[in-house]
Amino acid sequence: MEIIMTVLASILFATGIYNLLQKQLLRIVIGTVLVSHGAHLFLLTMSQLKRGAPPLVVDGVTQYTDPLPQALILTAIVISFGVTSFLLVLAYRTYTLNKTDNMEELRGSEHE
Amino acid sequence: MNNLIVLPIILPLVASVIVAFFPKKLNIARKFSQITSVLLTAVAAYLAWYVFTNETVVMQSGGWDAPFGISIVGDSLSMLLVLTSSIVGTAAIFYAPSALEEQQEKFYFYTFYFLLISGVSGAFMTGDLFNLFVFFEVLLMASYGLIVLGNGKIQLRESFKYVLFNLFSSMLFVTSVAFIYAITGTVNLAHLAERVGEIEEQGILTTVAIVLFFVFAVKAAIFPLYYWLPNSYVVPNPVVSALFGALLTKVGIYSILRVFTLIFVHDTGVTHQIFIWLAMLTMLFGVIGALSTNNVKLIITYNIIPAIGFMLMGVGLFTETAIAGSVYYLMHDMVIKGALFFFIGALIVAAGTKDLTKMTGVIQKYPLLGWLFFIASLVLAGVPPFSGFIGKLLLLQGGLDQEEFLLVIVALVSSLLILFSMMRIFIRGFWGELMEGISDNRKRVRNLTIPGLVLLSISVYLGIAAESVYPHIEAIANMLLDRTEYISTVLKE
Amino acid sequence: MLDEFGSSMLELVLPICFIVVAISIVILVYRVIVGPTNPDRAVALDSIGINMMALVGLQAINLGTDKLNDVVLLIGILLFIGTIAIAKFLEKGVIIDRYNR
Amino acid sequence: MAIQIIFNVLIALMWMFLQETYTFLSFFTGYLIGIVLLFFLRRFVPDIYYMTRLYRTVKMCLLFLRELVLSSISIVKLAYKPTLDIEPGIFALPIELKSNWEIALLANLISLTPGTLSVAVADDNSKIYIHAMDLPDVESSINEIKETFEKAIMEVTR
Amino acid sequence: MIYAVFAPLLFAVLIPFLSRWKDRVHTGWLILPVPLAIFIYFLQFVGPNFEPQSMSVDWIPSLNISLSFYLDGLSLLFSLLISGIGMLVVLYSIYYLNHKEQLGHFYTYLYIFMSAMLGVVLSDNVYVLYTFWEMTSISSFLLIGYWHYRERSRYGALKSMLITVFGGFSLLGGLILLNIVTGTTSIREMVAQSEVILDSPYFPLILVFLLLGAFTKSAQFPFHIWLPDAMEAPTPVSAYLHSATMVKAGIYLIARFSPIFAGEPNFFVVVSLFGIVTLAWASYMAVRQTDLKGILAYSTISQLGMIMAMLGFGTDVALFAAVFHILNHATFKGSLFMIAGIVDHETGTRDIRKLGGLFTLMPISGTLAIFGTFSMAGVPLPFLNGFYSKEMFFEATLLNQAAGPFGQFLVAAIPVLAVVGSIFTFVYSMYLFFGTFRGKYREEELPQKPHEAPKMMLLPPFLLVLGVILIGLIPEVFNQSLITHAADAVFGEEINKSIYFWHGLVPAFYMSLAVVVLGVALYLTKHKWEGVYSILPGKLSFNRIYDWLVEKIESTSNRITTSYMTGSLRLYMVLLLTAIFVITSGVLVQTGGINLEVTDVAPITVTEVIVALFIAFAAIATIFTHNRIAVILTVGVVGYGLSILFVLYRAPDLALTQLIVETVTVALFMLCFYHLPNLSKTKAPLFQKGINVAISVGFGLLMMVVGISAYNSRAFDPISDFFIENSYPLGGGDNMVNVILVDFRGIDTLFEVAVLFGAALAVYAMIKLRRNKGAK
Amino acid sequence: MIDIIVSVLLLLGAFFTLSGSLGILRFPDVYSRLHAATKAATLGVAGILLGAFVYLFVDVGIVSGKLLLGIFFVLITAPISGHMISRAAYNSGVELWHQTKKDHLKNELK
Ligand code: NA
Ligand code: NA
């Protein structure tokens, strides 16, 4: 299963990157969301899947799934969320100020 | 003492929250920030002194021993950099009121500033790979806040690119943590170091290490990953650029220094050789960039890049002298980049333009600024007896010792070109007939010059009184190469 | 005897249900992507959420735990809020569009 | 009605205290006892006995549940039908209910019933527009809804 | 000694304050005692029984950098020149620069230079030497740019800095190599290890590095081009830095290391060749100049070439002559610069085509000029010191050693080139004197009417000419008390040479004779053969190459940088990803890190596969969907799918968080992007699409291979058992993830909240700041 | 015994769920799809969750109020959501299936 999940995470990376390479702000932001999904999935997969009960202490259960990566992913998800929200608003403001959502028109060599 | 070591991380965080409560009361916010910043520097200085004179201090957060809790490690390298960054930061705080519009200050400049310092200190001090990611995000989030402060068309446009690059590298960071965890089953740096040393199948480890390197390389702006840097650093206010130039890329190079001296030293033939090549290209392309433009701020911004190349060079050479050189250069560059951005900010205010072709003779009206800029240029190019020279000397010694002649020649040529790029500003902007339309606001220009003067003095001191610093740097280099001390201190073995 | 049959039946039924619900989600994903209209997508997304609740319920049986119930409830709440939001949005947005034309 | 519920919960809690077992079961038992108590004390408590209303509500719910199952089955039939020989349409249902939440409730219930889905409410709250999967006869559909749901709702609310 | 070195520097710091009174007292007077005192200090060492002195003060001992100074004959000679001529130049400048000039700046630079130059010649530590070396370059830069409002000054300043600092950096490389090879930073100890250096594999590199340093500083061909432009500096500076002292730093350096290299064939070939070519070329070029200082500049270059060549010969006579000529050159060239300055000062021009016939108006200057020019020309008169060293030079050119065919060729060519160079030297010397002081006086050409200069202004050149004469008359006194010590230091052992006027009919005599005869002939026919300059150097001028290079550096930099720093996010991303991909996969392949042998995986279940499939499906669909709402919702599907996976993989907390986050994110997406234009079908060219596909697929594949390999290379048990065992007993919670988050890794969580805090404020600031701006 | 009940509940739930999805897949326009979503799918999830509730209650001994609440919530909200979407669809001009016979609303709006 881990192999399939690795493949899936890679697909998320690939599609995310493809979106990152596009022109429209929306696609680019979506690319970052996909890539971050891929990263989180990698973190989950790499620590082995389904090796026991959910990491919630129950009497009599000794086999638990590795809780550490879950904690790390949780942190990563929240952080990605913060950054993505920021990026979204930034994208929106960029669009409203520059009147375009096309990154190729947002090249700009002038600095002020 | 063990718990006090987190003060450089926690205090700014607290300050950041406090100052967020009265953003509109500028006078209070300024005073508060200035006092806190100075206090912070004092604390950092005390802690650094303690660590230098005693030993590495480790705080195991929550009392959980490594590798299970997060270790905050105050070793001499970390504390040196924490101290340096708080000094630069303090200078920036005093620079800010004259540099920023009130509007910008009110929109949480000081909050983001303290958040940035907190993140930077945390990144320098954490002993945990994932926690390093978290601190990276803290300082990046703060930098996002700072970079959008201008909120103009161009700021937003460039901010978007900046955020995107950093976001991508952050994701790559998480991914490489995943890979590393798969192989080693741990995220504590010391524990990683120990475990990596025991692994026999090293091929994949090297690959993963390189992926991690790229994560840091994006933040550190190493060739060929620096594209995001010039425009996003040139667009914001000079005080923000100064903070970025002095601190942000340095966190990246610090991480490389730490990770590739502590953990991934199993295949230096591959990894560190790559560093050497990239160091060369970084120097060259950076300085080429610096020569490519007439935008004075962009010139300074581009000059961040070759400096990173110098530091990477030391890591790649991986000898005691070279590492000492990198550390020295790291410390020196934080200070001098801060100073240079301050001066450039002052120059832009004085001349009323960023365009070198439109400014001449500024030194006639602002001699202090001119001369300080001149000295700073020399410092930057590594002319003795200033701080840049000591670092460069050590790096060149390391390079020649390892028979990396091409690297040394590239380093020398880039030093010359750095000087050239700086002299273009001095000769074309400061020298010449006094320009028309030069600013009459001497007071503001002076206020913008003084913080740089302070930093420059430190830089000069670091060069002339190198003896008071260098033995510590040498000790740091020793410590970095002999990993056992770090490992045993953190893991309490 | 009956209990034994029951539990072995459950063992058989559970994966079947899993698969059925999963397939059903796939169908809905197709609808989300293909549309053709945005309300179509909203409907499909809403149904995906409902199916997710079902899936989590199945997993709760599978793992014999009640720790997933929060998830069920949360999906329900979010789904409702989300769908309302999207619906409002689809409605409003177009009104604005009309004015623009 | 709210006061009655609060009384009831208080009774249940007191029961738990007396029993010194704080489980759902003891709460449930306490609650049942409370219902019984309240039933006997209903003359001394303002408003109609809430269990009466609850009964009607439950009845309504069951009605809906039945409708839901039926409507689902009819939908399922359609879903598996090889060809779709339906005649969908939107029709207006005049309503007597006045308050907003009553109308909302009705609209929802309509949505759950076989073949109908409320699309919009007229601005003056006089009509609900309903989409029907198969609409051979508008009048009968209108009557059906009025007979079942509107009545049930009125029973609960009035 | 250390005080002598640092006194000028100390005063340099004080000068800006002293210059406040420049309207009442010329700053020069206030600081004149400094070089005088230093001169006297060094003068006390002069004498037949000179013993080298040394002293050392720690500076950066841990880097083996100490302020160790060593005074031997060579450094004594230089120190005397530096302080002596320095003193004269200050005196001269008092009259040359009036108090309206920025005297503070001028003297500050000058005194920094004085310190630096003394430091160069007295330092025993290579790094200290280097430090002072760069200081001389920088002070020279500032002095050349003293009148920075002039375009030519700025040009000259930059040129000198680029070239000399280029050499300086190269020198640094050489010094570091020497340090590495010998293990010492002391020059004396290095010299003692001559064998080690010569045997070192780095030797050629050391030689190249050092010579580049020396050649650039001492304006050797083809690095000489900065010196003529350095004439933009005030004339006292030209006299001091660009003729008497700083340009001799390279000479000093070679002389200093001469005991190591002397006799080394490569050293001989390179140094002699460059020296003799410089001599010939620069004297040839000097004749072409029309600017008085231009002639003097080329003359200086050529004389430096001559000294350099002699250092290359390495024979005792050559070295002796070299040292001797250093002294002689300083005297006559210094005086000539000062005279040129006086002429410029009085007439307002230095253009020799406008000058002429000044002797009657300025007889004293003219007389002094006669001595200077004739000494420079090597006219055989007993009271002209130039002749003595020139004669010795000819003697030294007659070498008989030869290594290799090129060495032999060189040995044959040197005397010829020496004579050719000397002939032209003779020509320009004559031209200089006669062109200025004799010939027709054309008043209308001159900006102002010339008078004889004030006496005190004439004093410095007079004293120098006095030196010319005294050395010529009593050479042995100078020899015994000074020159011989210096020559010993350069040769490494004692040289016993005497200086005579008449050597007999030796070959050198015939060479001198040839110079005078042909020189006179060529001078008289100068106008007939001047056309040759349009052929050579013609367009091959090194100045043009320099200008071209500087211009190219800037324009090429601009071209390179703008070619990829286009501001295109996509291009940046493409470059970034390609770089990561190429290097990482290179490493992966090279280290054999690929490990696809599947071990220890969880069982595959259909549900999970289906969920994975639909996530993948949705992810891919984002690419092909063009409706913005559809894209947003599709991404929402991916996120929800992920939370299903979290449920299936026993991570309820993750699922919860992911759900909330995904919902809020989708809502935010809708809020922010609803009003943006719909996604157009990509009109990108096909090859661009191809690149996009290649990069994203390639990167995905790389991640996959690395991921699978990493997974299969599991080497340790994760540290999680600790958390599993201790969450409840120690952490006090039954949700391990929560316990880890709030307790074991509480710092993560705290700063995660800090990130959210920052994000919230940043968003708020972004939205609010706009409103305020809009209100304005 | 209980397991059999659970199994049946699950099977029924899964069946309705799938049917709902099929309906959403096959039906011609958004309004008819909404029928499938608000009815079949809702019933399906209610069935499965009820199954889960019974299973946890009997086999594991946990009374999961949240599950019940979840079921209740879905039943309450599904029609509301459906109503909202259909209204949004209609107001944003999503066309009815071409075979739709009557449209009273259209007249009203005109
Ligand atoms: Na530019
Ligand atoms: Na200019």
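A note on names: the letters A, B, ... follow the listed sequences, proteins ahead of strands, and every chain is numbered from 1.
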Given Leu730(E), Ile594(E), Leu756(E), the one with more heavy-atom pairs under 4.5 angstrom with chain B than any other is Leu730(E)

TODO: Determine the interplanar angle of the Trp431(B) and Phe141(E) rings, folded into 0 to 90°, and report it as parallel if under 30°, tilted if 30 to 60°, perpendicular if over 60°.
DONE: parallel

Residues at least two apart in sequence or cross-chain that pass side chain to side chain contact (heavy atoms under 4.5 Å, CB included) with Val413(B), listed by chain then number, are Ile409(B), Leu417(B)

Throw together a table of side-chain donor-acceptor distances under 3.5 angstrom for residues 138-145 of chain B, partners on residues two or more places apart or in other chains.
from	atom 1	to	atom 2	distance (Å)
Ser143(B)	OG	Leu140(B)	O	2.6
Ser143(B)	OG	Tyr162(B)	OH	2.7

Most heavy-atom pairs under 4.5 Å with chain B, out of Phe169(E), Tyr149(E), Phe166(E), belong to Phe169(E)

task: For the residue pair Phe405(B) and Tyr202(E), categorise the inter-ring angle as parallel (less than 30°), tilted (30 to 60°) or perpendicular (more than 60°).
output: perpendicular

query: Any salt bridge between Glu554(E) and Arg428(B), counting N to O under 4.0 Å?
result: yes

Turns out that what part of Asp717(E) lies under 4.5 Å from chain B's heavy atoms comes down to backbone

**Request:** Name the orientation class of the two ring planes belonging to His105(E) and Trp371(B) (parallel below 30°, tilted from 30 to 60°, perpendicular beyond 60°).
**Result:** perpendicular

Under 4.5 Å to a heavy atom of chain E? For Asp128(B) that would be side chain

Parallel, tilted or perpendicular: which one describes the rings of Tyr564(E) and Tyr226(B), with boundaries at 30° and 60°? perpendicular

Of the listed Val181(E), Leu172(E), Asp58(E), Leu63(E), the one with the largest count of heavy-atom pairs under 4.5 Å with chain B is Leu63(E)

If one checks every heavy atom of Leu13(B) against chain E at 4.5 Å, the contacting part turns out to be side chain

Honestly, the part of Ala20(B) sitting under 4.5 Å from a heavy atom of chain E is side chain

Glu467(B) atom CD, over 12 foreign heavy atoms within 6.0 Å
yes

Under 4.5 Å to a heavy atom of chain B? For Glu151(E) that would be neither

Honestly, the part of Phe213(B) sitting under 4.5 Å from a heavy atom of chain E is neither

The interface call for Phe757(E) against chain B, heavy-atom contacts under 4.5 Å, is side chain

Honestly, the part of Ser421(B) sitting under 4.5 Å from a heavy atom of chain E is neither

When the 4.5 angstrom heavy-atom criterion is applied to Phe420(B) and chain E, the contacting part is both

